[in-house]
Amino acid sequence: MTVELLILVALASGILAYFVGRLNKVLGAVVTIVASMFIFIMIGYMMQDINAGTTFNYNAVEYMPDFVTFMVTYLGLFFAILVTFIFAMVSFFNPFFVEKYKYPALYSMLYLFSLAGVLGVFLTDNFMVLFFFFEFIVWSGLFLIPLGKNNKAAISYYAFSTAGSFALLYAIFIMFAQTGSYNLHLGLATVSGTTEGTYVLALLAFAAFAKLGAFPLNVWLPRALGKAPDAITAVFSGGLEKLGAFVAVLALVKLAPIGDIAGTLGGLTEATFLFASQYIVATLGAMTIVFGTLMAIRQDDAKKLLAYSSMSNGGYILVALSLGGTLGLSGGLYHIVAHALASAAAFLAIGAVSRVTGTTKMSELGGMIHKMPVTYMVYLIAIISMAGIPPMGGFISKWLIFQAVIDNGLILIAVAVFFGSIGSFLYVFRPLAALFLGQELPQHRDKAKEAPFFMLLPMLILSGLIVFTGVMPNIFLDFINDVIAELGGTGLLLGDYTITGVNGVLQPTLIASVFGVGVLIAFIIFILLKKSKKVGLMDTYTAGNFIYTEELMHYSLDFYAPLERLYEKHINITKDFYKKLENKVVDFGRMIKYFFFTNKPEITVFWIIVLIGFLLWGEL
């Protein structure tokens with residue numbers, strides 16, 4: 001099946017889901033499952049027999065313009081298979097959440113429209129087609145987010161996405177002026193190494209930052225993911241954010257020459273300016289890691305915490321792609337996979353908890369492991385990967401990124417990368433301790449229960465893949481090597497079960513085996529030794545007094561207060577900046593309204609005088 005037919009299937013399925021959803025909310029959501037799985041399977045078939053470079057043009061049937069073309073490439077297919085898989089997994093949650101939304105039929109339609117947009121962005125060789133579907137996703141997201149809890153979150157998302165869209169459009173126009181064509185590959189190749197290439201790089205990088213929610217364009221991310229419908233947050237973090245990573249690849253790899261950053265800042269040529277721009281992007285990526293980590297530590301809302309975690313991990317992707325070289329590209333692309341799987345699983349786990357408790361605030365939750373043990377295991381596996389601990393996929397990608405940073409000798413960026421990895425231990429542990437392992441609160445004791453099978457199924461599949469990407473990464477790295485070769489680089493040196501870096505050889509299967517043996521030994525000890533006595537919650541006392549308010553035993557508020565006090569006065573820099581900017585825009589709007597949209601007679605007289613003066617200008 002060709003790309004254009006897949007897009008038409010997604011659009012038609014969205015319309016079908018809308019009309020079916022008007023009749024029955026749940027059946028409309030079931031259509032999203034069937035359509036998402038079908039499209040994912042079809043993309044999977046494309047992976048089996050990829051014909052890279054084949055162009056599918058609507059002109060074969062003579063009813064579309066010449067520039068509407070689609071191309072299946074290794075890079076496009078890499079992103080398409082990943083994001084459509086996330087859509088397919090999250091779709092299983094839709095029937096269980098759709099009844100909570102004010103417009104359930106609209107939700108189902110927009111869900112599939114977003115999926116159609118994904119195919120159009122990743123599988124085209126024309127910049128205008130890419131821009132059209134990019135905007136198609138932005139508008140779908142604009143109406144999906146308010147179906148959650150807050151309209152202001154949608155406005156923030158739209159404002160930053162629109163800024164990114166304009167930056168992308170200006171970059172396209174610059175390339176068109178140089179080539180007379182909207183061809184993606186021709187445009188990037190023509191401006192690379194020129195003054196125009198520097199402008200295009202800056203504009204594409206801006207668009208990538210806006211879509212990834214990277215510093216300093218990060219304000220929309222926690223708002224949107226914190227307030228959007230629970231199911232769609234997994235799509236945003238695991239899937240739609242990766243549009244920013246795709247644009248970053250176009251800017252930092254296809255536009256700028258592939259190579260290591262170190263030692264390229266000495267000259268004054270246009271190519272050197274491109275490398276300098278890459279270094280700036282790497283620095284901002286490092287700041288994104290640090291800022292996202294510090295903000296995640298402060299959050300009480302689990303969804304906002306994971307949103308800032310997504311921001312921080314977006315910084316890892318930017319740093320890796322900016323560094324270039326074999327290790328940088330491999331690490332960046334693999335981290336896209338690792339984070340997509342882990343963030344989707346984590347958001348789905350939190351969504352499952354929210355479904356039965358009605359909240360994602362950790363201070364209002366606790367002890368969910370007793371009622372939702374499988375969901376707890378899903379979240380545990382996801383955060384192990386996020387923290388970069390073996391034997392999960394996140395460990396492989398971070399190992400590659402660490403290798404690239406160390407090999408380039410970028411000390412400050414290396415400090416930021418290591419800080420983010422250490423900080424991730426702190427913020428991912430908080431929901432684990434407060435939400436799942438904390439004290440079971442009485443208000444959720446009766447209604448909390450494990451998620452249904454069809455909600456557990458996608459979470460378990462994601463968890464299995466998280467482990468698999470950490471144990472057998474070479475299967476995925478082989479395909480990433482094809483992507484890098486297509487981009488003009490050299491792939492990783494892979495053995496049967498080994499990955500060769502500049503500072504050693506990694507054996508993921510051996511590491512996983514050691515961890516497996518350790519877990520087995522711990523389990524045997526747990527089975528054989530004497531069990532601890534279970535004591536009721538109220539069977540305790542402190543300072544000679546019995547405790548009668550069990551909520552006091554739940555420690556989740558101000559979890560890292562001593563650490564937060566070290567930087568709380570300086571962490572809201574971007575928030576304060578955009579608040580001031582918002583106030584200035586409001587003031588400007590009031591001025592415009594006062595002078596142009598008012599019924600005050602004195603203003604009318606003023607404009608009459610201005611108009612007469614303008615007309616008599618040549619006579620004075």
Side-chain angles (χ1 to χ4, degrees), residues 2-4 6-7 43 46 50-59 64-83 116-138 164-194 196-208 210-212 242-258 274 277 321 324 329 332-333 336 482-489:
T2 58
V3 177
E4 61 266 37
L6 276 181
I7 294 174
I43 294 293
M46 286 186 183
I50 176 176
N51 186 11
T54 298
T55 301
F56 303 98
N57 197 317
Y58 269 118
N59 283 321
M64 291 298 287
D66 291 338
F67 65 83
V68 181
T69 57
F70 299 96
M71 178 178 284
V72 180
T73 62
Y74 284 108
L75 176 64
L77 205 53
F78 169 81
F79 279 95
I81 191 69
L82 177 63
V83 178
V118 164
L119 298 176
V121 168
F122 295 145
L123 301 177
T124 183
D125 65 339
N126 185 283
F127 261 124
M128 288 308 294
V129 176
L130 184 151
F131 177 77
F132 171 81
F133 283 107
F134 192 91
E135 278 296 284
F136 195 67
I137 295 171
V138 169
S165 297
F166 274 116
L168 175 62
L169 186 61
Y170 293 153
I172 293 171
F173 286 159
I174 291 174
M175 287 182 283
F176 180 80
Q178 298 298 309
T179 63
S181 169
Y182 289 114
N183 184 272
L184 187 151
H185 309 289
L186 176 63
L188 292 172
T190 300
V191 301
S192 184
T194 66
E196 290 77 12
T198 305
Y199 300 147
V200 171
L201 173 60
L203 290 168
L204 290 180
F206 185 92
K211 200 62 185 175
L212 272 173
K242 303 306 179 277
L243 270 70
F246 179 72
V247 176
V249 172
L250 298 182
L252 300 170
V253 182
K254 288 187 72 67
L255 173 61
I258 291 182
L274 283 174
S277 301
L321 296 178
L329 291 176
L333 292 174
I336 290 170
D482 292 332
V483 175
I484 295 174
E486 181 183 76
L487 294 171

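The shown structure was predicted, so the numbers you read here are calculated from the model rather than taken from an experiment.
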Is [Y] close to [X] at the side-chain level, that is, under 4.5 Å between some pair of heavy atoms?
X	Y	result
K211	V138	yes
L252	L201	yes
L255	L250	no

Identify the two heavy atoms, one from [X] and one from [Y], that lie closest to each other, and give their separation to 0.1 Å.
X	Y	value
T2	M46	C-CE, 4.2 Å
A167	A207	CB-N, 4.3 Å
L204	A251	CB-CB, 3.5 Å
G164	A210	CA-CB, 3.9 Å
K254	L184	CE-CD2, 4.0 Å
S181	N183	OG-N, 3.0 Å

What is the distance from atom [atom1] of [X] to atom [atom2] of [Y], rounded to the nearest 0.5 Å?
X	Y	atom1	atom2	result
F78	L333	CZ	CG	5.0 Å
L123	E4	CG	CD	10.5 Å
L82	K242	CG	NZ	7.5 Å
L168	L243	CG	CG	10.0 Å
Y170	L203	OH	CG	9.5 Å
L169	I174	CG	CD1	10.5 Å

Between T124 and G120 (side chain of the first, backbone of the second, donor and acceptor by atom type, cut-off under 3.5 Å), is there such a pair? no
So does V191 get a backbone contact from the side chain of T194, meaning a donor-acceptor N/O pair under 3.5 Å? yes
Checking F133 now: which residues fulfil side chain to side chain contact (heavy atoms under 4.5 Å, CB included) with it, not counting sequence neighbours?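 With neighbours one apart ignored, the set is I7, F70, V121, V129.
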Determine whether L119 and I43 satisfy the following criterion, side-chain contact (heavy atoms from CB on, under 4.5 Å), listing intermediate values before the conclusion. CA-CA 9 Å; L119 298 176; I43 294 293; 3.8 Å; yes
Side chains of N126 and T69: is there a donor and an acceptor less than 3.5 Å apart? no
F122 meets the ring pair (Phe, Tyr, Trp, His ring centres under 6.0 Å) criterion, sequence neighbours left out, with F79, F246
What residues, two or more places apart in sequence or in another chain, satisfy side chain to side chain donor-acceptor pair (under 3.5 Å) together with T190?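 Per chain and number, T190 pairs via side chain to side chain donor-acceptor pair (under 3.5 Å) with no residue.
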For F173 and Y182: C-alpha separation, side-chain torsions, deciding distance, then whether side-chain contact (heavy atoms from CB on, under 4.5 Å) applies. CA-CA 9 Å; F173 286 159; Y182 289 114; 4.3 Å; yes
Counting heavy atoms not belonging to F136, are there more than 12 under 6.0 Å from its CZ? yes
